[in-house]
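Please read the structure below before turning to the comments.
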Amino acid sequence: GESVGLHLPTLSVQEGDNSIINCAYSNSASDYFIWYKQESGKGPQFIIDIRSNMDKRQGQRVTVLLNKTVKHLSLQIAATQPGDSAVYFCAENNNDMRFGAGTRLTVKP
Amino acid sequence: DVKVTQSSRYLVKRTGEKVFLECVQDMDHENMFWYRQDPGLGLRLIYFSYDVKMKEKGDIPEGYSVSREKKERFSLILESASTNQTSMYLCASTLHRSLYGYTFGSGTRLTVV
(Lines give C-alpha, C1' and ligand atoms only; values in the text may rest on other atoms or scores of the structure.)
Protein backbone atom coordinates (compact mmCIF):
# COMPACT_ATOMS: atom_id res chain seq x y z
CA GLY A 1 0.00 0.00 0.00
CA GLU A 2 0.96 3.65 -0.04
CA SER A 3 2.33 5.59 2.85
CA VAL A 4 3.68 9.02 3.55
CA GLY A 5 7.28 9.04 4.56
CA LEU A 6 10.84 9.43 3.36
CA HIS A 7 10.97 6.18 1.42
CA LEU A 8 8.61 4.99 -1.24
CA PRO A 9 7.28 1.46 -1.08
CA THR A 10 8.99 -0.56 -3.76
CA LEU A 11 8.02 -3.47 -5.93
CA SER A 12 10.48 -5.44 -7.98
CA VAL A 13 9.22 -7.89 -10.62
CA GLN A 14 10.69 -10.00 -13.35
CA GLU A 15 10.04 -8.97 -16.93
CA GLY A 16 7.00 -10.81 -18.20
CA ASP A 17 5.45 -11.30 -14.78
CA ASN A 18 2.29 -9.56 -13.65
CA SER A 19 2.54 -6.64 -11.22
CA ILE A 20 0.06 -5.60 -8.59
CA ILE A 21 0.35 -2.19 -6.97
CA ASN A 22 -1.90 -1.38 -4.06
CA CYS A 23 -3.32 1.81 -2.65
CA ALA A 24 -5.38 2.50 0.46
CA TYR A 25 -7.44 5.62 0.11
CA SER A 26 -8.73 7.68 2.96
CA ASN A 27 -12.09 9.20 2.15
CA SER A 28 -15.11 6.93 1.89
CA ALA A 29 -16.94 9.73 0.04
CA SER A 30 -14.42 9.73 -2.81
CA ASP A 31 -16.13 8.78 -6.04
CA TYR A 32 -13.44 8.94 -8.69
CA PHE A 33 -10.03 7.29 -8.68
CA ILE A 34 -7.07 7.51 -11.00
CA TRP A 35 -3.74 5.78 -11.39
CA TYR A 36 -0.78 7.79 -12.63
CA LYS A 37 2.64 6.71 -13.84
CA GLN A 38 5.64 8.94 -13.34
CA GLU A 39 8.91 8.16 -15.06
CA SER A 40 12.13 9.67 -13.84
CA GLY A 41 12.39 13.35 -14.69
CA LYS A 42 8.89 13.55 -16.11
CA GLY A 43 5.48 14.66 -14.97
CA PRO A 44 2.80 12.15 -13.97
CA GLN A 45 0.86 10.53 -16.80
CA PHE A 46 -2.72 9.30 -16.59
CA ILE A 47 -2.98 5.52 -16.90
CA ILE A 48 -6.52 4.52 -16.04
CA ASP A 49 -9.45 5.73 -13.98
CA ILE A 50 -12.48 4.22 -12.30
CA ARG A 51 -15.62 5.66 -10.79
CA SER A 52 -17.19 4.46 -7.61
CA ASN A 53 -20.11 2.79 -9.36
CA MET A 54 -17.69 0.22 -10.78
CA ASP A 55 -15.39 -2.30 -9.14
CA LYS A 56 -13.20 -3.17 -12.12
CA ARG A 57 -12.01 -1.48 -15.25
CA GLN A 58 -9.62 -2.75 -17.86
CA GLY A 59 -7.30 -0.99 -20.24
CA GLN A 60 -4.49 -2.15 -22.42
CA ARG A 61 -2.42 -4.45 -20.16
CA VAL A 62 -3.73 -2.65 -17.08
CA THR A 63 -6.65 -3.36 -14.79
CA VAL A 64 -7.85 -1.28 -11.87
CA LEU A 65 -9.82 -2.88 -9.05
CA LEU A 66 -11.81 -0.90 -6.51
CA ASN A 67 -12.96 -2.29 -3.18
CA LYS A 68 -15.05 0.40 -1.52
CA THR A 69 -15.74 -1.72 1.53
CA VAL A 70 -12.12 -1.57 2.64
CA LYS A 71 -11.19 1.60 0.71
CA HIS A 72 -8.64 -0.18 -1.41
CA LEU A 73 -7.55 0.36 -4.97
CA SER A 74 -5.14 -1.77 -6.97
CA LEU A 75 -3.45 -1.55 -10.33
CA GLN A 76 -2.57 -4.74 -12.14
CA ILE A 77 -0.09 -4.66 -14.99
CA ALA A 78 0.02 -7.74 -17.18
CA ALA A 79 3.26 -9.00 -18.71
CA THR A 80 5.35 -6.26 -17.14
CA GLN A 81 7.96 -4.72 -19.40
CA PRO A 82 11.12 -2.71 -18.66
CA GLY A 83 9.31 0.41 -19.89
CA ASP A 84 6.86 -0.03 -17.03
CA SER A 85 9.56 0.87 -14.51
CA ALA A 86 8.35 4.06 -12.84
CA VAL A 87 6.65 5.43 -9.77
CA TYR A 88 2.92 4.69 -9.72
CA PHE A 89 0.52 6.58 -7.52
CA CYS A 90 -3.16 6.61 -7.00
CA ALA A 91 -5.41 9.60 -6.63
CA GLU A 92 -8.85 9.88 -5.07
CA ASN A 93 -11.32 12.61 -5.85
CA ASN A 94 -14.06 14.05 -3.71
CA ASN A 95 -14.35 17.54 -5.24
CA ASP A 96 -10.57 17.75 -4.92
CA MET A 97 -7.92 15.33 -6.08
CA ARG A 98 -5.69 13.81 -3.40
CA PHE A 99 -2.59 11.89 -4.37
CA GLY A 100 -0.81 9.07 -2.65
CA ALA A 101 2.95 9.10 -2.23
CA GLY A 102 3.54 6.36 -4.78
CA THR A 103 5.12 2.95 -5.25
CA ARG A 104 8.32 2.48 -7.21
CA LEU A 105 8.10 -0.39 -9.67
CA THR A 106 11.36 -1.87 -10.92
CA VAL A 107 11.30 -4.42 -13.71
CA LYS A 108 14.23 -6.80 -13.86
CA PRO A 109 15.21 -8.12 -17.30
CA ASP B 1 -3.97 15.59 -26.70
CA VAL B 2 -3.95 18.20 -23.99
CA LYS B 3 -0.60 19.73 -23.52
CA VAL B 4 0.60 21.42 -20.37
CA THR B 5 3.91 23.20 -20.87
CA GLN B 6 6.17 24.40 -18.12
CA SER B 7 8.66 26.93 -19.34
CA SER B 8 11.73 25.63 -17.53
CA ARG B 9 12.87 22.08 -16.76
CA TYR B 10 15.64 23.16 -14.39
CA LEU B 11 16.19 26.38 -12.48
CA VAL B 12 18.83 27.44 -10.00
CA LYS B 13 18.08 30.56 -7.98
CA ARG B 14 19.63 32.34 -5.03
CA THR B 15 18.03 32.75 -1.64
CA GLY B 16 15.93 35.88 -1.56
CA GLU B 17 15.33 36.07 -5.30
CA LYS B 18 11.85 36.45 -6.72
CA VAL B 19 11.12 33.43 -8.89
CA PHE B 20 8.48 32.99 -11.57
CA LEU B 21 7.40 29.55 -12.78
CA GLU B 22 5.23 29.63 -15.87
CA CYS B 23 2.67 27.11 -17.05
CA VAL B 24 0.59 27.14 -20.22
CA GLN B 25 -2.15 24.72 -21.30
CA ASP B 26 -3.65 24.53 -24.77
CA MET B 27 -7.06 22.90 -24.24
CA ASP B 28 -9.14 25.69 -22.78
CA HIS B 29 -9.26 24.08 -19.33
CA GLU B 30 -10.92 26.07 -16.60
CA ASN B 31 -8.92 24.61 -13.75
CA MET B 32 -5.19 24.85 -13.22
CA PHE B 33 -3.03 23.74 -10.32
CA TRP B 34 0.44 24.07 -8.89
CA TYR B 35 1.90 21.22 -6.86
CA ARG B 36 5.26 20.57 -5.34
CA GLN B 37 6.63 17.07 -5.17
CA ASP B 38 9.18 15.99 -2.61
CA PRO B 39 10.57 12.48 -2.07
CA GLY B 40 8.18 10.32 -0.09
CA LEU B 41 5.68 13.14 0.44
CA GLY B 42 3.71 12.83 -2.77
CA LEU B 43 2.08 15.78 -4.45
CA ARG B 44 1.13 18.70 -2.26
CA LEU B 45 -1.19 21.37 -3.57
CA ILE B 46 0.13 24.92 -3.38
CA TYR B 47 -2.55 26.90 -5.21
CA PHE B 48 -5.24 26.32 -7.77
CA SER B 49 -7.36 28.47 -10.03
CA TYR B 50 -10.81 27.67 -11.40
CA ASP B 51 -11.12 30.71 -13.64
CA VAL B 52 -9.24 33.72 -14.90
CA LYS B 53 -8.21 36.00 -12.04
CA MET B 54 -9.55 33.47 -9.53
CA LYS B 55 -7.28 31.63 -7.12
CA GLU B 56 -7.61 29.44 -4.09
CA LYS B 57 -5.04 28.39 -1.54
CA GLY B 58 -4.11 24.77 -1.40
CA ASP B 59 -2.48 22.89 1.46
CA ILE B 60 0.87 24.69 1.50
CA PRO B 61 0.48 28.23 0.11
CA GLU B 62 2.94 29.95 2.47
CA GLY B 63 5.78 31.62 0.62
CA TYR B 64 4.00 31.41 -2.74
CA SER B 65 1.59 33.45 -4.78
CA VAL B 66 -0.03 32.90 -8.17
CA SER B 67 -1.30 34.84 -11.13
CA ARG B 68 -3.90 33.90 -13.72
CA GLU B 69 -4.40 36.80 -16.08
CA LYS B 70 -5.29 34.60 -19.05
CA LYS B 71 -7.14 31.31 -19.14
CA GLU B 72 -4.27 29.37 -20.63
CA ARG B 73 -1.54 30.63 -18.31
CA PHE B 74 -1.01 30.05 -14.61
CA SER B 75 2.10 31.42 -12.95
CA LEU B 76 3.60 30.46 -9.61
CA ILE B 77 5.61 33.13 -7.83
CA LEU B 78 8.09 32.60 -5.05
CA GLU B 79 8.23 36.05 -3.49
CA SER B 80 11.57 35.49 -1.77
CA ALA B 81 13.04 32.10 -2.52
CA SER B 82 14.33 30.03 0.37
CA THR B 83 16.30 26.80 0.43
CA ASN B 84 13.29 24.86 1.74
CA GLN B 85 11.53 25.66 -1.52
CA THR B 86 13.98 23.50 -3.42
CA SER B 87 11.66 20.98 -5.01
CA MET B 88 10.04 19.64 -8.15
CA TYR B 89 7.13 21.86 -9.15
CA LEU B 90 4.33 20.42 -11.24
CA CYS B 91 1.58 22.28 -13.03
CA ALA B 92 -1.65 20.53 -13.97
CA SER B 93 -4.95 21.35 -15.62
CA THR B 94 -8.36 19.76 -15.99
CA LEU B 95 -11.68 20.56 -17.58
CA HIS B 96 -13.60 19.66 -14.44
CA ARG B 97 -12.10 19.06 -10.99
CA SER B 98 -14.43 16.27 -9.98
CA LEU B 99 -15.08 14.50 -13.26
CA TYR B 100 -11.78 14.21 -15.07
CA GLY B 101 -8.19 13.40 -14.40
CA TYR B 102 -5.51 16.02 -14.38
CA THR B 103 -2.99 16.55 -17.15
CA PHE B 104 0.44 17.40 -15.84
CA GLY B 105 3.37 19.28 -17.25
CA SER B 106 6.86 17.81 -17.23
CA GLY B 107 7.82 19.66 -14.10
CA THR B 108 10.36 22.29 -13.10
CA ARG B 109 13.12 21.19 -10.78
CA LEU B 110 14.00 24.28 -8.75
CA THR B 111 17.13 24.48 -6.65
CA VAL B 112 17.52 27.43 -4.29
CA VAL B 113 21.08 28.00 -3.13
Side-chain angles (χ1 to χ4, degrees), chain A residues 1-11 21-27 29-54 57 59 62 64 66 73 75 86-104, chain B residues 1-11 21 23-25 27 29-50 56-61 74 87-111:
Chain A
E2 303 211 350
S3 61
V4 174
L6 292 178
H7 301 288
L8 288 179
T10 58
L11 176 65
I21 301 171
N22 297 304
C23 175
Y25 65 92
S26 58
N27 189 342
S30 293
D31 56 6
Y32 180 47
F33 304 87
I34 303 172
W35 279 101
Y36 288 91
K37 172 186 180 183
Q38 187 175 20
E39 296 174 276
S40 181
K42 297 184 179 179
Q45 290 179 289
F46 173 97
I47 303 172
I48 191 168
D49 60 359
I50 188 168
R51 301 200 185 270
S52 58
N53 61 348
M54 304 173 70
R57 189 155 189 241
V62 294
V64 55
L66 175 63
L73 195 66
L75 176 71
V87 174
Y88 291 82
F89 52 91
C90 65
E92 60 178 303
N93 193 305
N94 176 29
N95 291 322
D96 288 304
M97 196 79 73
R98 296 289 170 179
F99 297 88
T103 296
R104 184 178 302 281
Chain B
D1 278 351
V2 177
K3 200 164 183 183
V4 177
T5 303
Q6 293 183 234
S7 55
S8 304
R9 291 297 304 275
Y10 300 95
L11 276 178
L21 302 184
C23 175
V24 177
Q25 50 94 4
M27 282 298 288
H29 282 175
E30 305 288 341
N31 303 278
M32 297 187 74
F33 307 83
W34 275 106
Y35 289 87
R36 65 177 284 176
Q37 185 178 34
D38 300 288
L41 295 180
L43 292 165
R44 293 183 290 166
L45 181 64
I46 304 171
Y47 268 97
F48 68 96
S49 168
Y50 52 89
E56 293 283 346
K57 292 180 180 179
D59 299 322
I60 51 165
F74 191 35
S87 187
M88 168 72 95
Y89 289 88
L90 289 162
C91 176
S93 75
T94 187
L95 186 60
H96 191 294
R97 280 195 289 153
S98 302
L99 299 179
Y100 300 101
Y102 294 6
T103 301
F104 285 87
S106 297
T108 296
R109 184 163 295 283
L110 173 68
T111 302

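As the structure is a prediction and not an experimental result, all values here were calculated from the model. Below, chain A is the first sequence line, B the second, and so on; all start at residue 1.
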message = Distance check, rounded to the nearest 0.5 Å: B:Tyr35 atom OH versus A:Met97 atom CE?
response = 7.0 Å
key: Inter-residue atom distance B:Thr103.OG1 - A:Gln45.CD, 0.5 Å rounding   = 10.5 Å
ask   = Would the number of heavy atoms belonging to other residues, nucleotides or ligands and lying under 6.0 Å from CZ of B:Arg44 be above 12?
value = yes
task = Decide if atom CZ of B:Arg97 counts as having more than 12 heavy atoms of other residues, nucleotides or ligands within a radius under 6.0 Å.
result = yes
request  = With a 4.5 angstrom heavy-atom cut-off, could you sort out which part of B:Arg9 is near chain A: side chain, backbone, both or neither?
outcome  = side chain
Minimum-distance pair of heavy atoms, taken over all atoms of A:Tyr36 and B:Phe104 = CE2-CE1, 3.7 Å
query = What are the two closest heavy atoms between A:Ile34 and B:Gly101, and how far apart are they?
reply = CD1-CA, 3.2 Å
task = Check each atom of A:Asp49 against the heavy atoms of chain B and say whether the ones under 4.5 Å are side chain, backbone, both or neither.
result = neither
task = Assess whether atom OH of A:Tyr32 is packed by more than 12 heavy atoms of other residues, nucleotides or ligands within 6.0 Å.
result = yes
ask   = At a heavy-atom separation under 4.5 Å, does B:Asp59 approach chain A through its side chain, its backbone, both, or neither?
value = side chain
ask   = Looking at A:Ala101 and B:Leu41, what are the two nearest heavy atoms and their distance?
value = CB-C, 4.5 Å
message = Can you tell me how far apart CD (B:Gln37) and CZ (A:Phe89) are? Round to the nearest 0.5 Å.
response = 5.5 Å
